[in-house]
Amino acid sequence: MNLRKIDKFQIDDSIRMALKEDITSEDISTNAIYKNDRMAEISLYSKEEGILAGLDVFKRVFELLDNSVEFTEYKKDGDKVLNKDLILKIRANVKTILSAERTALNYLQRMSGIATYTRKMVEALDDKNILLLDTRKTTPNMRIFEKYAVRVGGGYNHRYNLSDAIMLKDNHIDAAGSITEAIKLAREYSPFIKKIEIEVEDLKGVEEAVKAGADIIMLDNMDIETTKKAIKIINKQAIIECSGNVDITNINRFKGLEIDYVSSGAITHSAKILDLSLKNLRYIDD
């Protein structure tokens, strides 16, 4: 999986914005100390166990400041790392290393943290017949990176944004007047190739959604007994997604149920960063 090949222009624009946030005019600390251009090498280490995600983004931060930077890689995205594992080495101008390191680490630590938490969630679910989905509960301007990290961790992406798919939630239903009317209006508006997903909160809503012809029914915040009853009502007439406050402490309750997906905002909004560090900077003699 190569994020750069997915959308090079979008990630470059985002990274440039992040660099501008960190360097408004100059890196005053570095410029105050280093008057001459000197080449150096520095190593990236893991400080805890986890799953790597975002190495291409990490490298791109340095490349946008200096396209002559060189990397020696020992790990790749999706690899499991342990404390003190060497991930890669960077050879670049000292100023490039010092100015880029925090922005680069911010991306890599955040993305690796999401991949790590996603992997743990998949393992906790422990059901190969049910796929774990992310949501739109992402950090603003970080969605492309965070959803990529979910895939590296073994999860799957729900819709990318509001233009990507039709998903009718409680407020849409209230605005339309009913589940039946919301689905009817969406069906009339959308191309026939678009599936319609609708969120329901009780068994009455499930019955109405099935009758109205929903393609995907999201069972929102239902307890397991109610979920089992909903599955019987749907009777394979629609794809089933379960959602609502799903995290690593409770995802296993869905194991063995005849559902297709479990979605969780926690895998992006509540993942802890993976602790990584750039260490052992040394000058390289010409």
Side-chain angles (χ1 to χ4, degrees), residues 1 3 6-7 10-11 13-15 17-18 21 50-54 57 77 106-125 127 130-175 182 186 194-201 205 214-223 227 239-254 259-274:
M1 237 180 281
L3 183 58
I6 295 171
D7 198 332
Q10 184 175 346
I11 71 167
D13 286 347
S14 296
I15 293 170
M17 288 175 63
E21 178 183 57
I51 305 299
L52 284 176
V57 180
D77 279 4
N106 283 349
Y107 277 115
L108 187 60
Q109 288 180 306
R110 174 70 179 147
M111 293 173 71
S112 297
I114 289 171
T116 300
Y117 190 56
T118 301
R119 180 71 56 85
K120 290 178 179 178
M121 288 275 279
V122 170
E123 291 172 351
L125 174 58
D127 191 326
I130 303 173
L131 302 184
L132 173 65
L133 300 175
D134 58 22
T135 70
R136 285 169 44 245
K137 295 177 181 178
T138 54
T139 309
N141 297 319
M142 279 287 291
R143 184 169 295 171
I144 191 170
F145 305 107
E146 294 181 353
K147 281 184 170 281
Y148 168 80
V150 167
R151 295 201 305 277
V152 173
Y156 292 80
N157 296 147
H158 208 296
R159 60 176 175 165
Y160 183 75
N161 60 26
L162 292 173
S163 302
D164 198 32
I166 298 170
M167 185 172 175
L168 306 172
K169 299 175 76 67
D170 53 353
N171 290 329
H172 296 100
I173 295 166
D174 288 344
K194 290 281 188 182
K195 286 185 169 62
I196 295 175
E197 177 168 9
I198 194 151
E199 176 186 273
V200 296
E201 298 175 344
D215 300 300
I216 307 166
I217 298 175
M218 177 199 285
L219 308 179
D220 184 46
N221 278 302
M222 290 187 183
D223 61 47
T227 298
I239 294 168
I240 301 175
E241 174 186 341
C242 290
S243 190
N245 298 308
V246 178
D247 60 27
I248 200 163
T249 67
N250 58 32
I251 192 170
N252 186 256
R253 72 186 191 271
F254 298 107
I259 62 174
D260 302 284
Y261 301 101
V262 172
S263 57
S264 170
I267 56 178
T268 50
H269 70 58
S270 294
K272 182 182 93 57
I273 66 162
L274 186 67

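- Using a 4.5 Å heavy-atom threshold, the side chains of Asp247 and Tyr117 count as touching.
- A distance of 9.0 Å separates CG in Asn141 from CD in Gln10, rounded to the nearest 0.5 Å.
- In this structure, Tyr148 and Val57 have side chains that are not in contact, with every pair of non-hydrogen atoms separated by 4.5 Å or more.
- With contacts defined as side-chain heavy-atom distances shorter than 4.5 Å, the pair Thr139/Arg110 qualifies.
- Proximity of a side-chain donor or acceptor of Lys147 to a complementary backbone N or O of Arg136 within less than 3.5 Å is not detected.
- Of all heavy-atom pairs between Ile267 and Ile114, the closest is O-CG2, 3.4 Å.
- Residue Thr138 comes nearest to Arg143 through the heavy atom pair OG1-NE, 2.9 Å, listed as atom of the first residue, atom of the second, then distance.
- Judged purely by atom type and a 3.5 angstrom limit, Asp220 has no side-chain atom pairing as donor or acceptor with the backbone of Glu201.
- Lys195 places a side-chain heavy atom less than 4.5 Å from the side chain of Ile239.
- Minimum heavy-atom separation, Cys242 to Ile259: SG-CD1, 3.7 Å.
- In terms of heavy-atom proximity, Ala115 sits nearest to Ala53 at CB-CB, 3.7 Å.
- To the nearest 0.5 Å, atom NZ of residue Lys137 and atom NE2 of residue His158 are 11.5 Å apart.
- Closest of all the heavy-atom pairs between Tyr107 and Ile15 is OH-CA, 3.5 Å.
- Once rounded to the nearest 0.5 Å, the distance linking CD1 of Ile11 with CZ of Phe145 reads 6.0 Å.
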*asked:* Checking Met222 against Val200 for the side-chain contact (heavy atoms from CB on, under 4.5 Å) test, could you report, in this order, the C-alpha distance in whole Å, the side-chain angles of both residues, the deciding distance, and whether it holds?
replied: CA-CA 9 Å; Met222 290 187 183; Val200 296; 4.1 Å; yes

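- Considering Ile51, Ile248, Leu125 as possible partners of Lys120, the one that fulfils the side-chain contact (heavy atoms from CB on, under 4.5 Å) test is Ile248.
- No side-chain heavy atom of Ile251 sits less than 4.5 Å from a side-chain heavy atom of Ser264.
- Not counting sequence neighbours, the partners of Asn106 by the side-chain hydrogen bond (donor to acceptor under 3.5 Å, both in side chains) test are Arg102.
- Nearest heavy atom pair, residue Asn250 against residue Asn245, reads ND2-O, 3.1 Å.
- Between Asn157 atom CG and Leu132 atom CG the span is 10.5 Å, to the nearest 0.5 Å.
- The CD1 atom of Ile196 sits 13.5 Å away from the CE atom of Met167 when rounded to the nearest 0.5 Å.
- In this structure, the separation between CG on Leu52 and OG1 on Thr116 is 7.5 Å, given to the nearest 0.5 Å.
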